[in-house]
Amino acid sequence: MSEQHQHYYVPEQSPWPIVGAVALFLIAFGAGHFVNEVTKDQPGYGGYLILAGVAVLLFMLVGWFRNVIDESMHNLYSPQMDRSFRQGMSWFIFSEVMFFGAFFGALFYARLIAVPWLDGASNNAMTAAVLWPAFEAVWPLLTTPDGTQTQAMPWQGIPLYNTLILLTSSVTLQFAHIAMEKDKRGQLKLMLFLTIALGFLFLCFQVYEYIHAYRDLGLKLDSGVYGNTFFLLTGFHGLHVTLGAVFLTVIFLRIVLKNHFTAHKHFAFQAAAWYWHFVDVVWLCLFVFVYVL
């Protein structure tokens, strides 16, 4: 008796990996030159290289994902290929968890170890007196070693509004997912549109928050360890919200313009939903540990 094996689609040779490598090289090379130009206050071509790299990267992403979408729509993928996509997205989100874990680790190290150490805790009074005399271990740390003063960003106001916005967006996305599984296209489009709108509203509020921090609170990236951790954590999260919103927008356009996805075949939508819920969970951790505590 002969055994039956599932087919496994092997795509033809693709130019997109080398195109992506060129794009990343241009971005990295341009960023290195740009930093030197800013430091030395000299005009150069670093910024143009960064823009060129971003343009090539966008070109690569559009072309590569277009090929993957065409292959999927022509039913070239086997169940094993679908499992590979799910595993790939799962490991990608896990890598993002580790990425934010490193920054949260830096925040906790500064708050629980470095700041008390400078205050003379753990029998380091003499060392602390030499490094930073009259230092008081408090968080947030609003005074830098050179005496620069800043103010903390309160959790009330914009941070609270953004928390409610992201939580609401998770609810609307879940309703969109349910509509997808029940093949209710009208509800799907409405709920997905609301999710995207809430995502971009979050980004608008975050831009306003940064303007308020710089202009009114004196809170900047160079405002000591508090300013560093605040802008790195919220800034990278804002970048991930941007990527998630773009991801969902592409899914929305595929649904509206191409009528893609069915109740039983919609992993691209599901992957975007996984990513968006992950971004929401990260923000809840940020809200608690960066703003409230």
Which atom names give the shortest non-hydrogen contact between [X] and [Y], and what distance separates them?
X	Y	answer
Gln206	Gly238	OE1-CA, 3.3 Å
Leu219	Gly227	CD1-CA, 4.0 Å
Leu49	Gly30	CB-CA, 3.6 Å
His33	Gly46	CB-CA, 4.0 Å

Heavy-atom neighbours of [X] [atom1] exceed 12 at 6.0 Å:
X	atom1	answer
Lys184	NZ	no
Lys182	NZ	no
Phe193	CZ	no

To the closest 0.5 Å, what do you measure between [atom1] ([X]) and [atom2] ([Y])?
X	Y	atom1	atom2	value
Leu167	Phe287	CG	CZ	9.5 Å
Met180	His264	CE	NE2	12.0 Å
Glu181	Thr262	CD	OG1	11.0 Å
Arg86	Ser84	CZ	OG	11.5 Å
Leu286	Leu107	CG	CG	9.0 Å
Thr242	Phe202	OG1	CZ	9.0 Å

side-chain contact (heavy atoms from CB on, under 4.5 Å) partners of Gln151, counting only residues at least two apart: Leu217
Contacts of Thr249 that satisfy side-chain contact (heavy atoms from CB on, under 4.5 Å) - sequence neighbours left out: Ile196, Phe200, Leu253
Under 6.0 Å between the ring centres of [X] and [Y]?
X	Y	value
Tyr291	Trp283	yes
Phe108	Phe289	yes
Tyr210	Phe231	yes
Trp276	Phe247	no

[X] and [Y]: same hydrophobic cluster, using ILVMFWY side-chain contacts below 4.5 Å?
X	Y	value
Val207	Leu233	no
Tyr214	Phe205	yes
Val250	Met191	no
Phe65	Phe267	yes

Side chain to side chain contact (heavy atoms under 4.5 Å, CB included) evaluation trace for Ser72 with His260: CA-CA 10 Å; Ser72 177; His260 284 182; over 6 Å; no
Checking the side chain of [X] only, and the main-chain atoms of [Y] only, is there a donor and an acceptor separated by less than 3.5 Å?
X	Y	result
His237	Val282	no
Thr229	Tyr226	yes
Thr150	Gly218	yes

Working for side chain to side chain contact (heavy atoms under 4.5 Å, CB included), residues Leu166 and Leu198: CA-CA 7 Å; Leu166 278 190; Leu198 289 170; over 6 Å; no
In a table with atom names and distances, give each donor-acceptor pair under 3.5 Å that connects a side chain of residues 171-178 to protein atoms at least two apart or in another chain.
residue, atom, partner, partner atom, Å
Thr172, OG1, Thr168, O, 3.4
Thr172, OG1, Ser169, O, 2.9
Thr172, OG1, Thr195, OG1, 2.7

Residues Lys220, Asn228; criterion side chain to side chain donor-acceptor pair (under 3.5 Å); working and verdict: CA-CA 8 Å; Lys220 303 178 181 179; Asn228 292 162; over 6 Å; no
Plane angle bin for Phe269 and His266 - parallel if under 30°, tilted between 30 and 60°, otherwise perpendicular: perpendicular
Pairs of donor and acceptor atoms involving the side chains of residues 92-105, under 3.5 Å and at least two apart or interchain, shall be tabulated with distances.
residue, atom, partner, partner atom, Å
Ser95, OG, Phe92, O, 2.5
Glu96, OE1, His240, NE2, 2.2

Show me, pair by pair, the donor-acceptor contacts under 3.5 angstrom made by side chains of residues 152-159, not counting sequence neighbours?
none

Test log, rule side chain to side chain contact (heavy atoms under 4.5 Å, CB included), inputs Ile251 and Leu192: CA-CA 9 Å; Ile251 298 298; Leu192 188 55; 4.2 Å; yes
Polar side chain donor-acceptor pair, Arg254 to Asn259, under 3.5 angstrom: no
Criterion side chain to side chain contact (heavy atoms under 4.5 Å, CB included) on Trp16 and Asn67, from CA distance to verdict: CA-CA 10 Å; Trp16 301 121; Asn67 288 353; 2.8 Å; yes
Review item, side-chain donor-acceptor pairs of residues 53-64, under 3.5 Å, at least two apart:
none

